[in-house]
Amino acid sequence: MTPEELSAAITSALTASVDAGELAVPAEALPKEVRVERPKNREHGDWATNIALQLAKPAGVPPRKIAEVLTARLAEIPGVSRVEIAGPGFLNITVDAAAAGELAKAIVEAGTAFGSNTAMAGTRINLEFVSANPTGPIHLGGTRWAAVGDSLARIFQSQGADVTREYYFNDHGIQIDRFARSLLASAKGEPAPEDGYGGDYITEIADAVTAAHPDILAAADPQEEFRSHGVELMFAAIKESLHEFGVDFDVYFHENSLFEDGAVEKLLEQLKGLGHLYAKDGAWWLKSTAFGDDKDRVVIKSDGHAAYIAGDIAYFKNKRDRGFDLCIYMLGADHHGYVARLKAAADALGDDADRVEVLIGQMVNLVKDGVPLRMSKRAGTVVTMEDLVDVVGTDAARYSLARFSSDSNIDIDLDVLTKRSNENPVFYVQYAHARTCAVARNAAATGVERTAFDAAALTHATESELLAVLGQYPGVLAQAAAYREPHRVARHLEVIAGAYHRWYDVCRVTPLGDEPVTDVNRTRLWLNDATSQVLANGLGLLGVTAPERM
RNA sequence: GCGUGAGUAGCUCAGCAGGAUAGAGCGUCCCUCUCCUAAAGGGAAGGUCGCGGGUUCGAAUCCCGCCUCGCGCACCA
């Protein structure tokens, strides 16, 4: 029995109770779903609900009174062995070992599908993340989003959503010009321009471009040549890094295309027609304050060039035209001022601002000896995705970036990483999975097979605990999707790994010495394999491998 | 100044979609491998959940105020 199943049973018991006139609760006060939680204290049963406390006020009845009414009905739920009223009105529910144990079999039979859902079926999501300018390699901030974004995409997919991973390739504007000038300077053997980029990669790309085009400095517009070839090389390198990181985008969208096909121009005309643009100081402004922004924004600069936001409005329109219901943007905290602008743009287009959802991720800082290190692209002192992967590997890099809430700043201590220490919990989870595989191998070698299954044999306290946390997994996925928080998956895997290790320590799957194989052994193998499956499924959602041996 | 995120164990962080005795990893100190992987497990120590009010049966969690830190507040992208 999973908490969701129990929740559903309690909900219908509650409804039945109201229908029968035992409880007078206004319909609007009835929750769609009664929440059940795992009590911290095992003396409080397997699951508990505070529904009686919540209904006390709207029903105008003391909570314990409501609890009493519900107790009789809850006790009749198949699989429920005991219901107790505790404290101010908690309902503590104990489940039959057999009913709880059935889950092990259900998980093994569901296989890779366990935990997935169809709650988001039919929703088309455009998830845009990383979108780093092709003026340099992906730094740590982008790497964090690559890990979190890709994982979020996988979690959405587990809930049935149709997800497109998209990378907005910013190949238009002055950053790119600076990049081109930096390449040109390098090729000429000159120092990097004051507002340009430094770092070894500039030299490497400049050399590569020169090698492929020996006469490039004699071209009519060498800077333009370096721009086009350099961006191409840089972008190929970025794609390669992402690919090795396990992140492959469905769409790499070129900002330039919005200008080339006239989409931006057309859109600006449309906005003018709607009366949302006005001219001031030689520029064209979007009246974004009318749509919740804190100030109006320039869309066409007084020099006649489009401002960045112009492309972004057109891009949003483009996404909607491609049929996406929800456009999610994952931005760094240094861009959070952009949220109101994007929503205002959608609003101005006559679209629903709720189609735009912006997720803000806090910064990743480098720390050395407890002191923050300043990263500078210009000075070339950035730590890149490749650097991180070189030191800790893809699994540890992805896991350690995905296990934190995006709301938290994270500090990465290079000394700790270079020590290759076991401080990273990814090993804890992966080791648990490897252990399940070792146990399965030993079981096979000693003739323990999943022939029989006796759910009632899973009686040990650690088995009850393990089953409970495995049962929580689908709910954790649903919440991770609903709140756009992949770290919840990682954290729960750590809980499952802990429960598994404790179970492993006291409950053997294979018999000792020449003891006979019993149904207890066989049933425990089901539980072992169920755990293996859930860990593998969860690690998969994080883009981390589930090794069979370590 | 305005906006926004954070402040929880020595360190790094969960918990915040109100619940019962506030958790995990790492670090420190004990203990457990003649039998499934000790990258593990058990135990100990370690907390004014930034501070002050409020809401209620109940607040780390919600509301208000304050303090500290990060990040924004362009005709840059």
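None of these values were measured; they are calculated from a predicted model. Per chain, numbering begins at 1; letters A, B, ... match sequence-line order.
- A/Arg491 is linked by a salt bridge (Lys or Arg N to Asp or Glu O under 4.0 Å) to nothing, counting only residues two or more places apart in sequence or in another chain.
- In this structure, A/Asn442 reaches the B/U37 phosphate: one of its side-chain N or O atoms is under 4.0 Å from OP1 or OP2.
- For A/Arg64, no side-chain nitrogen or oxygen approaches OP1 or OP2 of B/C57 to under 4.0 Å.
- For the ring-ring contact (aromatic ring centres under 6.0 Å, His included) test, no residue two or more places apart in sequence or in another chain qualifies with A/Tyr338.
- Applying the side chain to side chain contact (heavy atoms under 4.5 Å, CB included) criterion to A/Arg64, with sequence neighbours excluded, gives A/Ile85.
- Between the side chain of A/Tyr504 and the base of B/A40 there is no donor-acceptor pair of N/O atoms closer than 3.5 Å.
- Listed by chain and residue number, A/Tyr168, A/Phe253 satisfy the ring-ring contact (aromatic ring centres under 6.0 Å, His included) test with A/Tyr315 (two or more places apart in sequence, or in another chain).
- Checked against B/A38, B/G42, B/U21, the side chain of A/Asn41 finds its nearest nucleotide in B/U21.
- No cation-pi contact links A/Arg435 to A/Tyr500, judged by a cut-off of 6.0 Å to the six-membered ring centre and 45° from its axis.
- Counting only heavy atoms from C-beta on, A/Glu485 has its side chain closest to B/G15 among B/G19, B/G15, B/C73.
- When the nucleotides B/A77, B/C75, B/G70 are ranked by their closest atom to the side chain of A/His335, B/A77 comes out on top.
- Each of A/Asn92 and A/Asp281 lies near RNA chain B, and the nucleotide nearest A/Asn92 is the one positioned closer to the 5' end.
- With distances taken from any side-chain atom of A/Ala434 to the nucleotides B/C35, B/U37, B/A77, the minimum falls on B/U37.
- Scored by the ring-ring contact (aromatic ring centres under 6.0 Å, His included) test, A/His305 finds no partners at all (sequence neighbours excluded).
- Looking at the side chain of A/Arg435, the nearest of the listed nucleotides B/C71, B/A40, B/A77 is B/A40.
- The side chain of A/Tyr431 contributes an N or O atom lying less than 4.0 Å from OP1 or OP2 of B/A39.
- Under the ring-ring contact (aromatic ring centres under 6.0 Å, His included) criterion, A/Tyr431 pairs with A/His501, sequence neighbours left out.
- Close to B/A17, at under 4.0 Å from its OP1 or OP2, lies no side-chain N or O of A/Arg484.
- A sub-4.0 Å separation between OP1 or OP2 of B/U21 and a side-chain N or O of A/Lys40 is absent.
- Residue A/His487 places at least one side-chain N or O closer than 4.0 Å to OP1 or OP2 of B/G15.
- Aromatic stacking of A/Phe90 on B/A20: satisfied, with centres closer than 5.5 Å and planes within an angle under 30 degrees.
- Salt-bridge formation is detected for the pair A/Arg181/A/Asp195: a Lys NZ or Arg NE/NH1/NH2 atom is positioned less than 4.0 Å from an Asp or Glu carboxylate oxygen.
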Counting only pairs under 3.5 Å, give me each side-chain donor-acceptor contact of residues 29-38 of chain A, with atom names and distances, residues two or more places apart or in other chains.
{"unit_1": "A/Arg38", "atom_1": "NH1", "unit_2": "A/Asp46", "atom_2": "O", "d": "3.0"}
{"unit_1": "A/Arg38", "atom_1": "NH2", "unit_2": "A/Glu465", "atom_2": "OE1", "d": "2.8"}

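- Stacking of the aromatic ring of A/His501 onto the base of B/A39 is not found under the criterion of centres within 5.5 Å and planes under 30°.
- Toward the 5′ end of RNA chain B lies the nearest nucleotide of A/Ile410, the other residue of the pair A/Ile410 and A/Gln479 mapping further downstream.
- Of the side-chain N and O atoms in A/Arg508, none sit less than 4.0 angstrom from OP1 or OP2 of B/C35.
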Can you give me the N/O atom pairs linking the protein to nucleotides 28-30 of chain B at distances under 3.5 Å, or say none if there are none?
none

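- B/C30 and B/A45: their P atoms are spaced 15 Å apart (whole Å).
- Taking the six-membered ring wherever Trp is involved, the centroid distance between the rings of A/His487 and A/Phe404 does not fall below 6.0 Å.
- In this structure, A/Ser405 reaches the sugar-phosphate backbone alone: every heavy-atom distance under 4.0 Å involves primed, P, OP1 or OP2 atoms, never a base.
- Within the 4.0 Å cut-off from OP1 or OP2 of B/G25, not a single side-chain nitrogen or oxygen of A/Arg491 is found.
- Pairs of Watson-Crick or G-U wobble type, with distances under 3.5 Å, assemble into runs of 3 or more in RNA chain B at these ranges: B:1-7 with B:67-73, B:10-13 with B:23-26, B:28-32 with B:40-44, B:50-54 with B:62-66.
- For a distance-only test at 3.5 Å, the side chain of A/Arg488 qualifies as a donor-acceptor partner of the base of B/A17.
- At least one cation-pi condition fails for A/Lys343 and A/Tyr329: the charged atom is not both under 6.0 angstrom from the six-membered ring centre and inside a 45 degree cone around its axis.
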Legend entry - Base-contact (B) and sugar-phosphate-only (S) positions in nucleotides 2-8 of chain B, heavy-atom cut-off under 4.0 Å, - elsewhere: -BSSS--

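- A/Thr518 pairs by the side chain to side chain contact (heavy atoms under 4.5 Å, CB included) definition with A/Val520, A/Asn521, not counting sequence neighbours.
- With sequence neighbours left out, A/Pro474 forms a side chain to side chain contact (heavy atoms under 4.5 Å, CB included) with A/Phe114.
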